[in-house]
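See structure below.
Nothing here was measured: the structure is a model prediction, and the numbers come from that model.
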Amino acid sequence: MFFKKKYTIKNIPKYIIGNRSKIPIINQKMLESINFDNAASTPILQPVLEYIQDYLPWYSSVHRGTGFKSQLSTELYDFCHEQVLNFFQGDFKKDIVIFTKNTTEAINKLSYRLSLQEDDIVLTSIMEHHSNDLPWRKKCHVEYMQLNKQGTLDLNHIENLIKKYGKKIKLITFTGASNVTGLINPIYEIAQLAHAHGIPIMVDGAQLAPHRNINMLPHDDPRHIDYLAFSAHKMYAPLGGGGLIGPKKTFKRGDPEYSGGGTIKSVTLQNIYWADPPDKEEAGSPNTIGAIALKKSMDILKEIGINSIAHHEFELTHYLISKLKKYPEIILYENIDSLSIDTKVGVVPFNIKGLNHALVAAILSYEYGISVRNGCFCAHPYIHHLLKLSPQQIYMQQKQILQSNYYHVVGMIRISFGMYNQIEEIKHFLTAIEEIIQYSKKDYYQKRYYLDRKTGAYYPKNYSIDFQKYFLFNS
């Protein structure tokens, strides 16, 4: 008898491809790797890979093909649209899913499709990833929502901006959870406030979707989410997949920003009749494998249970912060006294006094096999805010960067958890931090590492890795 595997928060580490793989570190040793860089990209689930492999013998072009494989691929691709919409509990009659490469492309698509004018206003915030800031800047006037004492979006300030600008505001767009601090914004309260004044909202769900339930809610609910963007590569599927969910009527109007194969019903030399969305918005041959990978990863997340994931990751986060705050040398960049499962996903930024963030990240990698992220995390204005830099300091930083000199450019170290991480991995990390703090007092690392000023990265002296030994370089 065939028994279907059951995936739970306890056994999921076994089904993460590459989890705890042995990697080379300094002194030619091999060590089990620890990945604390999940906010950038999560590893791939084994069942997602198996699902792709099962599909590959049937792989073919989608739409308009008469062959059996093409028809099957089309059915599966369309089914994936439905399943993704179902995952976020969208409205099948009023909403559509548009598959994109990632969240960045999804937000850019919306910025084009809203037909914004120079005098129109979009509200965003200083805590955004660049992907939810830069796309709006050249298309309209951008106003930035302020943060409250808890570090999340200030509802009073949003209301003041609405009173000030009124109908000029065409969209309020903000991150569901920060990729820098992990703080969760009150998406439903903001939606209710916006809708009371007839303003739609968009939620950047890249960091929220893998860790918390997002329910778009019915269109007649004042807390309804109008637009949602997300990425597959943060949800345990491969790179190259993501999506935008929004009302069909938005995408029926006007021209798509990309046009070509698959986007039309009929074309003559004199006119164009566009296809219905989502076809109209998915120009060219689509990434069918990315779509089925995203669908399968969502199946696994649902099976494990988003609430189980949230509780497990918050346990890790609470444990880490409770330990880090005991070190006087550690700087934490958030209100650590009022954290809860409802206000924070598993992202923790920090610095060590007297040590460059890039040096700490290099030491963790080369000496302890721990992957973290350092720098400004594609959120420069937010980092400037958290570091409390003056305008003059920001100017000097930019001047230095434009001269390709990354010596002591500001930033942080970021720990970000996935559902497969464990307390034992945090204990190893804390041992590393304690040793780094002790050795740094003796200028130990300054003698062992050098800085590449053009990249801002640190490397061990007299040590290099022959990457051509790995994977397919010599195939």
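- Taking 4.5 Å as the limit, every side-chain heavy atom of Ile272 sits out of range of all side-chain heavy atoms of Ser259.
- Atoms CD and NZ, on Glu105 and Lys109 in that order, are 6.5 Å from each other to the nearest 0.5 Å.
- Test Thr173, Thr175, Asp204 against Asn132 for side-chain hydrogen bond (donor to acceptor under 3.5 Å, both in side chains) and you get one pass: Thr173.
- A salt bridge does not link Lys280 to Asp255: none of the charged nitrogens lies less than 4.0 Å from a carboxylate oxygen.
- Under the 6.0 Å cut-off for aromatic ring centres, Tyr7 and Tyr15 qualify, their centroids lying closer than that.
- Taking OH of Tyr319 as the reference point, atom CZ of Phe314 lies at 15.5 Å (rounded to 0.5 Å).
- Taking 4.5 Å as the limit, some side-chain heavy atom of Met235 sits within range of a side-chain heavy atom of Leu294.
- Look at Arg113 and Glu281 and you find a salt bridge, because one of the NZ, NE, NH1 or NH2 atoms lies within 4.0 Å of a carboxylate O, short of that distance.
- Ion pairing between a basic and an acidic side chain is recognised when a charged N comes within 4.0 Å of a carboxylate O; Asp221 and Arg223 show such pairing.
- Between atom CH2 of residue Trp136 and atom OG of residue Ser111 there is a gap of 5.5 Å, rounded to the nearest 0.5 Å.
- Few gaps surround OH on Tyr188; more than 12 heavy atoms of other groups in view lie less than 6.0 Å from it.
- Side chains of Tyr420 and Asn38 form a contact here, defined as non-hydrogen atoms less than 4.5 Å apart.
- His211 NE2 to Ser416 OG: the interatomic distance, rounded to the nearest 0.5 Å, is 7.5 Å.
- Counting heavy atoms of neighbouring residues, nucleotides and ligands inside a 6.0 Å radius, atom NE2 of His318 does not exceed 12 of them.
- Using a 4.0 Å cut-off between charged nitrogen and carboxylate oxygen, Arg212 and Asp342 do not count as a salt-bridge pair.
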> Would Glu282 and His81 count as a side chain to side chain donor-acceptor pair (under 3.5 Å) if you check the C-alpha gap in whole Å, the side-chain angles of each, and the deciding distance to 0.1 Å?
Replying inline: CA-CA 12 Å; Glu282 296 178 351; His81 284 82; 3.0 Å; yes
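- Residues Phe251 and Pro278 have side chains not in contact (no heavy-atom distance under 4.5 Å, counting atoms from C-beta outward).
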>> Let's go through Trp58 and Leu56 carefully: what are the C-alpha distance in whole Å and the side-chain angles of both, what is the deciding distance for side chain to side chain contact (heavy atoms under 4.5 Å, CB included) to 0.1 Å, and is it a yes or a no?
In response: CA-CA 5 Å; Trp58 307 99; Leu56 287 179; over 6 Å; no
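- Annotation: cation-pi geometry not satisfied between Lys265 and Tyr273 (NZ/CZ under 6.0 angstrom from ring centroid, within 45° of ring axis).
- Here the straight-line distance linking atom OH of Tyr227 with atom CG of Leu110 works out to 5.5 Å at 0.5 Å rounding.
- Taking every heavy atom of both residues into account, Ser231 and Thr103 meet most closely at OG-OG1, 2.5 Å.
- Asp279 has its side chain out of reach of Trp274: every pair of non-hydrogen atoms, C-beta onward, lies at least 4.5 Å apart.
- Applying the 6.0 Å contact sphere to OH of Tyr55 captures more than 12 heavy atoms from other residues, nucleotides or ligands.
- Between Met419 and Leu301 the shortest side-chain heavy-atom distance falls below 4.5 Å.
- Around NE2 of His311, the count of heavy atoms belonging to other residues, nucleotides or ligands within 6.0 Å does not exceed 12.
- The existence of a salt bridge linking Glu50 and Lys5 is confirmed by a sub-4.0 Å separation between a basic side-chain nitrogen and an acidic carboxylate oxygen.
- Without hydrogens or angle criteria, Thr263 side chain to Gly260 main chain gives a donor-acceptor distance under 3.5 Å.
- Taking the side chain as every heavy atom from C-beta outward, Val348 and Ile321 approach each other to under 4.5 Å.
- Side-chain contact between Leu386 and Met412: present, with at least one pair of heavy atoms (C-beta onward) separated by less than 4.5 Å.
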> Given the rule in the side chain to side chain contact (heavy atoms under 4.5 Å, CB included) test, do Lys302 and Asn86 qualify, once you have shown the distances and angles that lead to the verdict?
Replying inline: CA-CA 11 Å; Lys302 286 174 69 174; Asn86 184 60; 3.4 Å; yes
>> Using side chain to side chain donor-acceptor pair (under 3.5 Å), reason through His141 and Glu118 one step at a time and then give a plain yes or no.
In response: CA-CA 6 Å; His141 176 70; Glu118 187 177 348; over 6 Å; no
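- Contact check on Asp299 versus Lys295 returns a salt bridge, with a Lys/Arg side-chain nitrogen under 4.0 Å from an Asp/Glu carboxylate oxygen.
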>> Between Ile190 and Leu153, is the side chain to side chain contact (heavy atoms under 4.5 Å, CB included) condition met? List the steps.
In response: CA-CA 9 Å; Ile190 296 172; Leu153 290 174; 3.7 Å; yes
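- Atom OH of residue Tyr165 and atom NZ of residue Lys170 lie 14.5 Å apart, to the nearest 0.5 angstrom.
- For Lys139, the NZ atom counts as densely surrounded, since its 6.0 Å shell holds more than 12 non-hydrogen atoms of other residues, nucleotides or ligands.
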>> Quick one, Glu303 with Lys6, criterion salt bridge (charged side-chain N to carboxylate O under 4.0 Å, His left out). Give me CA distance, side-chain angles, the key distance, then yes/no.
In response: CA-CA 8 Å; Glu303 182 175 336; Lys6 292 185 178 180; over 6 Å; no
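- For Lys22 and Glu32, the salt-bridge test fails: no basic side-chain N is under 4.0 Å from an acidic carboxylate O.
- For Tyr77 and Phe99, the distance between ring centers is under 6.0 angstrom.
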> Would Asp37 and Arg414 count as a side chain to side chain contact (heavy atoms under 4.5 Å, CB included) if you check the C-alpha gap in whole Å, the side-chain angles of each, and the deciding distance to 0.1 Å?
Replying inline: CA-CA 8 Å; Asp37 192 19; Arg414 182 184 69 188; 3.4 Å; yes
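- By the 6.0 Å contact criterion, OH on Tyr395 is open, its count of non-hydrogen atoms from other residues, nucleotides or ligands being 12 or less.
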